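In what follows, a single structure is set out as structure tokens and then discussed.
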Amino acid sequence: MALSTAKSSSKNSTMAAQTSPLARLSLIIFTLSMFMWFSHGSSDKRQVYIVYMGNLPKGKVSTTSLHTSMLHEVLPSSTVGSEVLLYSYHRSFNGFAAKLTKDEAAKLREKDGVVSVFRSQKKQLHTTRSWDFMGFNKKVKRSIIESDIIVGMLDTGIWPESQSFNDTGLGPIPIKWKGTCQSSANFTCNRKIIGAKYYRANGDISPYDYKSPRDSEGHGTHTSSTAAGGLVSKASLYGIAKGTARGGVPSARIAVYKICWSDGCYDEDILAAFDDAIADGVDIISLSVGSIFSSEYFDDTIAIGAFHSMKNGVLTSNSAGNSGPILSSITNFSPWSLSVAASTIDRKFITKVKLGNGKIYEGTSINTFDLKGKMYPFIAGAAAPNTSQGYTSEDSRFCGPGTLNETLVKGKIVFCDYDSDGTGPAQAGAIGAVFQSGGYKDYVFPYSLPLSNLNLDDGRNVLNYVNTTENPTATIFKTNVEDDQFAPFVVSFSSRGPNPATPDILKPDVTAPGVDILAAWSEVVPLTETKDDTRIVAYNIISGTSMSCPHATGAAAYVKSFHPTWSPAAIKSALMTTAFPMSSKNNLEAEFAYGAGHINPAQAAQPGLVYDAGEIDYVKFLCGQGYTPKQLKLITESNFTCSEETNGAVWDLNYPSFTLSATPGNSITRVFHRTVTNVGSPVSTYKVVVNAPPAPQNSTMAARTSPLAWLSLVIFTLSMFMSCSHGSSDNRKVYIVYMGSLPKGKVSTTSLHTSMLHEVLPGNTVGSDVLLYSYHRSFNGFAAKLTKDEAAKLRGKDGVVSVFLSQRKQLHTSRSWDFMGLNRKVKRSVIESDIIVGMLDTGIWPESQSFNDTGFGPIPRKWRGTCQSSTNFTCNNKIIGARYYRANGDYSPYDYISPRDSEGHGTHTSSTAAGGLVSKASLYGLAKGTARGGVPSARIAVYKICWYDGCYDEDILAAFDDAIADGVDIISLSVGSIFWSDYFDDTIAIGAFHSMKNGILTSNSAGNSGPSPSSITNFSPWSLSVAASTIDRKFVTKVKLGNGVIYEGTSINTFDLKGKMYPFIAGAAAPNTSQGYTSEDSRYCGPGTLDETLVKGKIVFCDYDSNADGPVEAGAIGAVFQSGRHKDYAFAYGLPLSNLNLDDGRIVFDYVNTTENPTATIFKTNVEDNQFAPFVVSFSSRGPNPVTADILKPDLTAPGVDILAAWSEALPLTETEDDTRVVSYNIISGTSMSCPHATGAAAYVKSFHPTWSPAAIKSALMTTAFPMSSENNIEAEFAYGAGHINPALAARPGLIYDAGEIDYVKFLCGQGYSPKQIKLITESNTKCSEVMNEAVWDLNYPSFALSTTPGDSVTRVFHRTVTNVGSPVSTYKAVVNAPPGLIIQVEPSVLSFKSLGQKQSFTVTIGAQLGNSMVSGSLIWDDGVHEVRSPVVAYASLLE
């Protein structure tokens, strides 16, 4: 039998990958979050759009009325309410956010006064969309007893740490629960997972399995979270399908019965699990497991278990199977169970391929890799045969493993003539692959390299391009999620009817979402389960009837929660009779594909009528099926006598569907008898409506399958049967002896079973090695190892219903300010306390001492904002205003519905920018000193735009709208996108532009996607873009060995072992063999891989840098890691730990392995000098500017590594489940930390020069920055811009490069914006001249960037104007620093000033000869007191 996930046939061929070190290693990789932008809207196809209309209209015009009027013109009448118009932006600029259809947005885009209309997208800091697709959203009515519903999951176990199974908010375990939890060292239950057991009668636990209910396959975790997982926001597969993952009954409880292992699911274990589940008190049983071929009802453990479940009022939900679209391929079809087919939802995954000729083709796959649009050489597999191994073009065209020549393919994208698992291209070192295939493309898979599957037509075009182009190139984009207008339809792999055992009972019963479903996953399995894939994920996207079954389970449990007394048949009837009708236009097999239709859970709770059936009805059915009274009595304990009438009436089972079968060519008439029960309105009248099409020409669907095809199926079935049976070397195999219901009275069924075995087996051989299970809690039977003859003897005994062979089923001290020269004794402005810093972030923790208002005077008069106080939040004279924004109204249990910070991020950034002086601040003594912001007496205005699941565009723009109008002086925003947009399609750039127009500088984080080039996403010229760099301290954690030698590693270790030496052991020497792990696994110290007995109380050496969960779980006193990854920033861990480099790691490893009794200790982290600081950290996003190549970005860098600042006391230090350390100050890293440093510096400059423009402040910060060197950052200015920020000097820069709104208007002309657009944005009537159209580089910017195409020489003249803000009478001389290959000429080279505010203009002529590189120098204006420095960069750009 096979687990009902698509592509299960390849399972055995890839299972061995789980044993590889890389696969186990990937358990402990800390993956940086990937965020994608997602549109959001409602079920009526409306999505949130931003309608941007530029400047506010002059005069007393009601913009809200204007916006409403505009909406009335494009929307249906009376639909413009608060649910449509989400925001009217009217305080600082003009525009609105509204829920619109695509057509309505297009109409608004054409209206006068509109600058742009674009879909709202989410920035970083759908749901398993399937439930929403069924009309079953998060706001659906819930029963008050849903949390009493227990869902029994018979599967591969569960990954209990998944957030989907968090028990926060759940009450006590239901009283009715009678089950247990088989806890172990690696598994415990909670109030969500209330019970868990595992079954393995044969005792063979492979190295790939956990000997506990823990899931090593992922399948059970996925199905459990789909059926009953809690709400988890931000769930995605590397940003794909991102949203709130949830089950159908998120507050229901889960009981886990692990019946499936790495080698499959055995009948004896399945039946044992049914036995327990029924007795334990579950309400619904879910089983996404099935055979490869059909069996009679009582020769099938699943049908048997489901029958007894039914007898006890428990509905069993079964997967139909994955053998479609062959007819009669369904294997779970008993009438007392719910048989579920798999269908699509309204999204599809598209992976685009772009060729060097500019053409783009759409294919399918789940591609999590981002090539960032880079073009790579493109080669056909047929042109790269591995001839050294005897392969020809005819072999390599299909790109099979070993067939490709690595020398020819490595680093290229390869075109392949067939859809495989991508192993061949991956082995040959290909950067990506493009497949063409004629196979089904209605579901997709992830691969271990960028890959797209094209259809044959597009494939032929692409192949032609590869073969006829001299230097073909291509790129493969990351997968996009798009609408699927044809959904739902039953997927190709879903098994079809008709019912192979009872043709007059329609099967499957219903269909449910089973294609490309996002749900929780086991974090021990690599994403693609292939050898070289190290991607470990918490949520995965897979397909199969295994995915549709738990959707039906969740729906059934939902109905059960409203109708706890309803029978299994009544629940099934409700699901079937309320299903959405489907059409044979998309599925030729019609009802044999989708049954009653597509499941509709919300409607199913109120079906009106039900077709009920109880045990007696199924007894009558079994009579008609040919079962004898004797058999029936054993099965049901019923004395019912089968009459002639009931013998032929299987179609009269009170079933919610009607099926009439006949032999080919015959006409037929049949009378069906049915009874319905009213469960709707007490007084009601129902009328029959019949839909009957004309009779079809062909009377049988079976005619579509040739006899030869059926013969092939039979042969395949026989071979599978032979390979799936299991036993021992003495020819004994496991048989199920099924004996029906439990005998009445106090009968020891176990003794009975033993006695029966004694009668047919040789003497004294009936031990636990023979009698594997005695089923005695819910029904009667046993599993035993028997020979064929012994089984035959038992088959003939009284009391035995059936005897059959068991079969296998398959499945990141503000010392930073001192470092910048801004110490506590620095000169302060008398109006610093009038400066208001607007923080757009996750909110703030107001009780932090950093925000104490002691000594503060009244709130500045200019302040026009408010404080959204609540029971858990108030403002003071430091935090003078606070608001929160959440247009969609969706709040998770992790969020505060107030400006209070539940994430820590906003508290950290606010205290860094403007926190007060707090002495003795530290993280458990580390970095101890006085914590302070750049402007400690400034005021803070909080705008909470970010929540547990991210920061939405409509909220960001609303916050900008308020902040500008409220009277803030500086805006700080440590938020950004994962990819860039044009200026006025980006809410941050739009908000920053209007801030600039109102005299407010916006400080932005560059992003954390470095060191990739052009990864910067906040780069508008009117904002300040800030990179992240180190400060002159580093966190060193020393390790001392028993031989006295000390090694230095990195970490933030707050634990103090006080120098005590502890036993030291290598992880490789302590494998958890009881769970099947070897040294190759335990060397990486992944969770569960270490033997607690050997590791507990010791320090363990591990071969990789992880989050240390493994050593913590095993009771280690500490850990030493060795790793080759970036060590320019540090993390905190849940135990004493140090990360060594590979060289020191090898020496320490040698000590552990060659010393008789090795010992070690780990010291508390020390703060030491970092002589290389500052340098830009590896994660900081790099330039060049992706939109305007001739404007240098980032602007500068600031401290962003290992920064101590205030923290929210709502979350633990390491944000892990077992960490109980709650801190007031934390040390973290990111451009989110560098941005508020620049914000504080800008506020400091503003306090001395309150009338300076945003451009003037930015110029002061850039031209006074400390120069940096490319020796530490090979990306040079693309890493650090003008250099490292120097706030004290920035308050007296000498000269400034000023710019106002008109300068940005000219810039926009050069950027290609039309006069109409510019007028709307700025209200300027400026006409764009021919010169201005090309002069983006002439924006009066404090840096010079010159781009050209690779290999070209270039000369350009730049025009600049400087304003004297230094000495009234002064003379500045130009000092040029130009390396070979760069020419810089300045005219005039001397500037003389006679007064403050005087302006002087000059030109800079820059020439460069470039290959594919960059060259940089500088221009310094020097008067002997001030050095006004600007970077000069020339580079080869691919940006057109």
Side-chain angles (χ1 to χ4, degrees), residues 125 814 833 835-860 863-886 891 894-921 923 930-948 951 955 959 962-963 966-975 1203-1213 1222-1226 1228 1232-1233 1236 1239-1240 1243:
L125 184 4
S814 316
S833 67
I835 297 295
I836 304 170
V837 180
M839 302 296 303
L840 278 65
D841 213 294
T842 64
I844 201 166
W845 192 262
E847 292 82 9
S848 172
Q849 283 301 303
S850 288
F851 311 122
N852 189 304
D853 67 348
T854 302
F856 277 79
I859 292 170
W863 175 244
R864 300 184 294 276
T866 63
C867 181
Q868 281 184 294
S869 300
S870 69
T871 54
N872 73 9
F873 191 94
T874 56
C875 295
N876 60 15
N877 283 346
K878 177 67 176 181
I879 305 171
I880 63 172
R883 304 172 188 254
Y884 64 92
Y885 304 82
R886 188 65 162 173
Y891 300 97
Y894 314 103
D895 289 320
Y896 291 108
I897 307 177
S898 79
R900 182 175 290 278
D901 181 12
S902 63
E903 301 293 308
H905 190 274
T907 303
H908 200 280
T909 56
S910 295
S911 65
T912 300
L917 280 69
V918 179
S919 60
K920 300 182 183 178
L923 176 62
T930 300
R932 60 189 172 93
V935 278
S937 63
R939 316 299 178 116
I940 297 171
V942 176
Y943 300 86
K944 180 175 176 177
I945 57 169
C946 300
W947 304 78
Y948 184 80
C951 328
D955 299 327
D962 282 337
D966 287 345
V968 303
D969 294 287
I970 303 287
I971 287 176
S972 187
L973 187 61
S974 291
V975 172
I1203 305 301
L1204 177 72
W1207 195 245
S1208 169
E1209 296 183 33
L1211 69 165
L1213 175 57
V1222 173
V1223 296
S1224 301
Y1225 290 81
N1226 198 4
I1228 58 174
S1232 278
M1233 283 62 256
T1239 303

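None of these values were measured; they are calculated from a predicted model.
Checking side-chain atoms of Asn876 against main-chain N and O of Phe851 turns up a donor-acceptor pair under 3.5 Å. Within the 3.5 Å criterion, the main-chain N or O of Tyr894 finds a donor-acceptor partner in the side chain of Ser902. Proximity of a side-chain donor or acceptor of Ser848 to a complementary backbone N or O of Trp845 within less than 3.5 Å is not detected. For the pair Asn852 (side chain) and Thr854 (backbone), a donor-acceptor distance under 3.5 Å is present. With hydrogens and angles ignored, the 3.5 Å screen pairs no side-chain donor or acceptor of Ser910 with any backbone N or O of Thr907. Between the side chain of Arg939 and the backbone N or O of Ser833, at least one donor-acceptor pair lies under 3.5 Å. Proximity of a side-chain donor or acceptor of Ser974 to a complementary backbone N or O of Ser1232 within less than 3.5 Å is detected. Counting only distance, with no hydrogens or angles, the side chain of His908 and the backbone of Asn1226 share a donor-acceptor pair below 3.5 Å.
In this structure, Ile880 and Ile859 approach most closely via the heavy-atom pair CG2-CG1, 3.6 Å. Closest approach of Val837 to Ala914, counting heavy atoms only: CG2-CB, 4.4 Å. In terms of heavy atoms, Gly1240 sits closest to Val935 at O-CG1, 3.8 Å. Residues Glu1209 and Val1223 come closest through the heavy atom pair CG-O, 3.6 Å. Contact record, Thr874 with Pro846: O-CB, 4.1 Å, taken as the closest heavy-atom pair. Here the closest non-hydrogen pair linking Ala1210 and Tyr896 is CB-OH, 3.6 Å.
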| Verdict with supporting geometry, Tyr885 and Asp962, side chain to side chain contact (heavy atoms under 4.5 Å, CB included) | CA-CA 11 Å; Tyr885 304 82; Asp962 282 337; 2.7 Å; yes
| query | Do Ser972 and Leu840 pass the side chain to side chain contact (heavy atoms under 4.5 Å, CB included) test, and can you show the C-alpha distance, the side-chain angles, and the key distance before you say yes or no? | reply | CA-CA 6 Å; Ser972 187; Leu840 278 65; over 6 Å; no
| After noting the C-alpha distance and the side-chain angles of Gln849 and Ser1224, does the key distance pass the side-chain hydrogen bond (donor to acceptor under 3.5 Å, both in side chains) rule? | CA-CA 9 Å; Gln849 283 301 303; Ser1224 301; over 6 Å; no
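Note on ring orientation: taking the six-membered ring where Trp is involved, the planes of Trp947 and Tyr891 are perpendicular (angle over 60°, cut-offs 30° and 60°).
Using a 4.5 Å heavy-atom threshold, the side chains of Ile970 and Ile836 count as separate. Side-chain contact between Gln868 and Phe873: absent, with no pair of heavy atoms (C-beta onward) separated by less than 4.5 Å.
Atom-to-atom distance recorded for Asp853:CG and Ser937:OG is 13.0 Å, nearest 0.5 angstrom. Atoms OG and CD1, on Ser911 and Ile1203 in that order, are 10.5 Å from each other to the nearest 0.5 Å. The CD1 atom of Ile844 sits 9.0 Å away from the NZ atom of Lys878 when rounded to the nearest 0.5 Å. Atoms CG and CG, from Leu1213 and Leu923 in turn, are 5.5 Å apart once rounded to the nearest 0.5 Å. Going from atom CG of Leu1211 over to atom CD of Glu903 covers 7.0 Å, rounded to the nearest 0.5 Å. Going from atom OG of Ser898 over to atom CZ of Arg883 covers 14.5 Å, rounded to the nearest 0.5 Å.
Between the side chains of Asp841 and His905, at least one donor-acceptor pair of N or O atoms lies under 3.5 Å. With 3.5 Å as the limit, one finds no donor-acceptor pair spanning the side chains of Asp955 and Tyr943. In this model, a donor atom of one side chain and an acceptor atom of the other lie less than 3.5 Å apart for Tyr1225 and Ser850.
Looking at Lys944 and Asp901, no side-chain N of the basic residue comes within less than 4.0 Å of a carboxylate O on the acidic one, giving no salt bridge. We find that Arg900 and Glu847 are joined by a salt bridge, their nearest charged nitrogen and carboxylate oxygen being less than 4.0 Å apart.
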